[in-house]
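Remarks on the structure that follows.
A quick note: this is a predicted structure, and the numbers were derived from the prediction, not measured. All values below were derived from every heavy atom in this structure, side-chain atoms included, with hydrogens, water molecules and symmetry-related copies excluded. In each ligand, atom 1 is the first atom listed, and ligand 1 is the first ligand listed.
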Amino acid sequence: MRRGKPTLEAATPKGASDPITAALKEIRDSLASDSSGALATYIPQLAKVDPGLFGLALATMDGRLYKAGDADVPFTLQSVSKPFVYALALADLGLDEVLSRVGVEPSGEAFNAISLEPGSGRPLNPMINAGAILTTSLVRASDPVARFERIRVVLSAFAGRRLEMDEAVFTSELETGDRNRALAWLMRNAGSLRCGVDETLDVYFRQCALLATAADVAVMAATLANGGVNPCTKAVVVPQPVAEHVLAVMASCGMYDSAGEWLLRVGLPAKSGVSGGLVAASPGQFGIGLFSPLLDAGGNSVRAAAASRRLAERFQLHLMHHPGRSAPVITRTGSALTLQSGRRRRRAERDVLQAHGDAIDVRSLQGDIEFAAAEVVLQSLGTVPAGARWRVLDLQGVSRLHPGAARMLDAAVLELGSRGVVVAVGDPHRRGLLPHAAVELPSPEEALEWCEDALLESHGASLAPDAALKPEAHDVLASLDEEARTVLGAAMPAQAWGRGDRVLAADDEVLLLLLSGRLGAYASGQAPDAAARRLGSVGAGTAVSRWRPLDDGRVSPTLVAELPCSGRLLRRVQQERLEREHPRVLARLWRQLASQQE
Ligand code: GLN
C-alpha cells in the first residue's frame, strides 16, 4: 500500500446552508419517526444499542464530508466489513484466484444461509457470511494475529483513521456464533476452507467488531468510488481494478436476498450489516455511510435503506440513469487561416500563413468524453480537409477523457499519422492523453504556434533558432528609408538576452525590435513557471513597445526570452533625444509601429 501525502483534509461544511447537508438532514428528519424493524439480538451485545440512533454521511471525491444526525457515533461494522476485506483478498491474490475460491453469484438468500456450491463447497459470493468467512481466510498473513492486524490496517486506510475493535461485541459473537461456526465446518469439510475453523472465525468476528462511524464508512465507500484512493488522505489503498470489482460484487450481492430489488430501486452498489450500518457508493462521485440499528426481516437497516433510496432519487444517482444530453463535444473547428495563434509574426511569415494556413486544421473538444462522444470525435477526425497536414487537438476544455475513449482517439491519431497528418495536442493539464500525438503543449495556442512553425519551415519561411535578421530586414526598419535607419541604428543599441531572461524589464525601455529568438508573454507579474498563463509570444522581425499611445492601457505582460534573443532597444533618454533632434524620423517610426500593430 502506497501512502501519499495528505493534501486535502476532510472538512465538514458548517451548518445546513449547503443543499447537500440540507438534503441529508431533511431525509433523516423525515425518516426519524419510523421505528419499525428490530435490533439484531443473535449477537446479544448488539441488542444493547440505542435503537433511536440514526446518522448519515456523504464523502466526496475531494475528501469533503457532509453529515446529518448521529454520523459520528461508532458502531461495529459487521457485514459492512465484507467488501473491504474482499478488496484486500483481491489485492493479495488477484481476481482469478479469489474467484476460484469464492463465487460472485447473488444467493437470493439470507446473509447467514448455507449457500455453498454442491461438491466444491465454494460459497456463492463474498458478501454473505459463508463467502466472507472464506475471504477472511484468504488474506495473506503468517498467522491469525497478523491476519487480523492486516485487515485492521487496511480497513483503517479505507477510513482514513485507525479503527479500534469493540471487545464486548467480539466476545459476544465468539460465544454465540455457532451458525457461523457450522458454516465454517461445512466449508472445511468440503475442502473449500483450508484454514482452521476457530482461527478463521476469530479473525472474522474481530473484523466484524471493528468500530466505525457513518462518516468513516462514507470515506471507506468514497475510497472505492475513487478507484481505491482514499479521497481524504490520498493513500492508495487498493488498485483501481480491485475497487471496481468490489463495487460490482456489492451491486449484485451486497443486499443479500433484496439485492435485485435494491439494484432496481436504488441502483447503487451497497452493503449492509446487522448492527444497522449501510455503505453505498456512486463510482467517481461519492460514498455514503448510514447507521440506524433497527433491521428489517432481511437483516438490512430499515431507515438506512430508505434514506439511501431517497438520496438516490433526490440526486438521480441510479447507475442505469441516462446521463442526459450534453453540450456538443466539438466546440470549434477551423484552420490557421481563421484561427490565430498567440504568436506575433513578421510579414514574411504572415504571408505564408495567409497563403497556406488551411494546411493546419484545428479542433477543440470539451466535456467528459466517453465512448459516445469519442465516436463523434472520430467521425470528425476522419474527415481531413484536402491539403491538411497538421492538426491541432485542443483538449483544454476536456474535463475527462475516459481511458477507452482515449484509446479510440489515439488510434485515430496514429492513423492520421500514417496519412501524413501530424497531430499536436494542446492540454494545460499535461495529461499525456494521446501518446501517438507528435507533441503535447500546455495550451491550444502553443500547439497552433508549433504547427505554424512546422508549416513555415516546410515553406522555407522560418528563421533558424540561432539565426538573426539583419536590422534592415526587420519589418519596421525595412519600411523606413536609409536615413531613418541610420538615425535609429545609432539611437538603438544592440542587446542580447539569454533564455529565461526578462525582456523590457525596466520602465525606461520603451521599444524593442526583435531580431532573433522568441519571447513568451505572461500575465503581468507572473513568472513563466508551470502555473503561469502564457498569453502569447513574439517572434523575430516584430516589435514590442511600451510607448503609451501604442499601449492598450492594460498592464504590460511580462516578456521572457524563450530562446536566446537579440534585438535593438530604444530607451526613454534616446527617445527624448530623437524627439528633439530627429522628430520626423521618430514620427515615421511610430507610424510604422502603429500600422504593424493593426
Ligand atoms: N458478524 C455478523 C455475522 O457473521 C455479520 C452479519 C451481518 O452483518 N449481516 O453473523
Side-chain angles (χ1 to χ4, degrees), residues 37-49 74-86 102 106-116 123-137 148 151-152 155 163 165-187 193 197-212 214 217 220-221 249-250 253-259 262 270-280 289-305:
L39 293 173
T41 51
Y42 77 102
I43 301 173
Q45 195 65 21
L46 288 184
K48 295 185 181 165
V49 339
F75 56 92
T76 54
L77 283 174
Q78 300 302 334
S79 287
V80 169
S81 65
K82 289 172 182 171
F84 304 100
V85 176
Y86 184 55
V102 186
S107 64
E109 291 183 299
F111 66 90
N112 55 6
I114 305 173
S115 302
L116 303 179
L124 275 188
N125 71 64
M127 300 293 134
I128 52 170
N129 286 9
I133 292 167
L134 204 137
T135 303
T136 298
S137 79
F148 173 63
I151 290 175
R152 182 230 288 274
L155 268 54
L163 302 180
M165 195 192 77
D166 186 322
E167 283 287 344
V169 172
F170 163 67
T171 316
S172 182
E173 187 165 20
L174 193 64
E175 284 165 359
T176 56
D178 286 338
R179 191 176 169 97
N180 283 327
R181 217 160 267 126
L183 275 173
W185 278 117
L186 283 172
M187 293 192 287
L193 179 65
V197 164
D198 286 340
E199 61 165 81
T200 303
L201 285 176
D202 183 85
V203 178
Y204 170 75
F205 291 151
R206 283 177 194 276
Q207 108 193 14
C208 289
L210 281 172
L211 285 163
V217 169
M220 295 173 83
V249 178
M250 286 166 74
C253 308
M255 299 301 279
Y256 315 125
D257 39 346
S258 8
W262 179 269
K271 184 77 200 82
S272 63
V274 288
S275 55
L278 198 152
V279 63
L290 305 99
F291 169 53
S292 170
L294 293 170
L295 309 180
D296 64 18
N300 297 319
S301 164
V302 176
R303 291 189 293 200

Nearest non-hydrogen partners of [X] and [Y], listed with the distance:
X      : Y      : value
Gly276 : Ser301 : O-CB, 3.5 Å
Tyr86  : Thr135 : CA-CG2, 3.5 Å
Val203 : Thr136 : CG1-CG2, 3.5 Å
Thr76  : Cys208 : CB-O, 3.5 Å

What residue and atom, counting heavy atoms only, is the protein's closest point to atom 10 (O) of ligand 1, and at what distance?
->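 Protein heavy atom with the smallest distance to atom 10 (O) of ligand 1: Tyr42 OH, 2.5 Å.
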
Given that the side chain starts at C-beta and the backbone is N, CA, C, O, which of these parts of Val80 lies under 4.0 Å from ligand 1, counting heavy atoms, or is it both or neither?
->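 For Val80, there is no contact with ligand 1 at all, from either part.
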
Indicate, as side chain, backbone, both or neither, the part of Tyr204 found under 4.0 angstrom from ligand 1 when only non-hydrogen atoms are considered.
->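 Answer for Tyr204: side chain.
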
Would you mind running through ligand 1 and noting each atom that sits below 4.0 Å from a heavy atom of [X]?
X      : result
Cys208 : 1 (N)
Asn129 : 3 (C), 4 (O), 6 (C), 10 (O)
Ser79  : 5 (C), 6 (C), 7 (C), 8 (O), 9 (N)
Gly273 : 8 (O)

Ignoring hydrogens and geometry, is there a side-chain-to-backbone donor-acceptor pair from Arg181 to Leu174 under 3.5 Å?
->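 Side chain of Arg181 to backbone of Leu174, a donor-acceptor pair under 3.5 Å: yes, one is there.
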
Based purely on interatomic distance, does Val274 place a nitrogen or oxygen under 3.5 Å from a nitrogen or oxygen of ligand 1?
->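 Yes, Val274 has an N/O under 3.5 Å of an N/O on ligand 1.
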
Please say whether Asn180 places an N or O atom under 3.5 Å from an N or O atom belonging to ligand 1.
->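 It does: an N or O of Asn180 is found under 3.5 Å from an N or O of ligand 1.
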
Distance only, no hydrogens: is a donor on one side chain within 3.5 Å (strictly under) of an acceptor on the other, for Gln207 and Ser81?
->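 A donor-acceptor contact under 3.5 Å links the two side chains.
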
Pair Ser258-Asn300, side-chain donor/acceptor within less than 3.5 Å =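 Looking only at side-chain atoms, Asn300 and Ser258 do form a donor-acceptor pair, the distance falling under 3.5 Å.
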
Name the option, out of Lys271, Gln78, Glu173, that contains the heavy atom nearest to atom 3 (C) of ligand 1.
->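 It is Glu173 whose heavy atom sits nearest to atom 3 (C) of ligand 1.
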
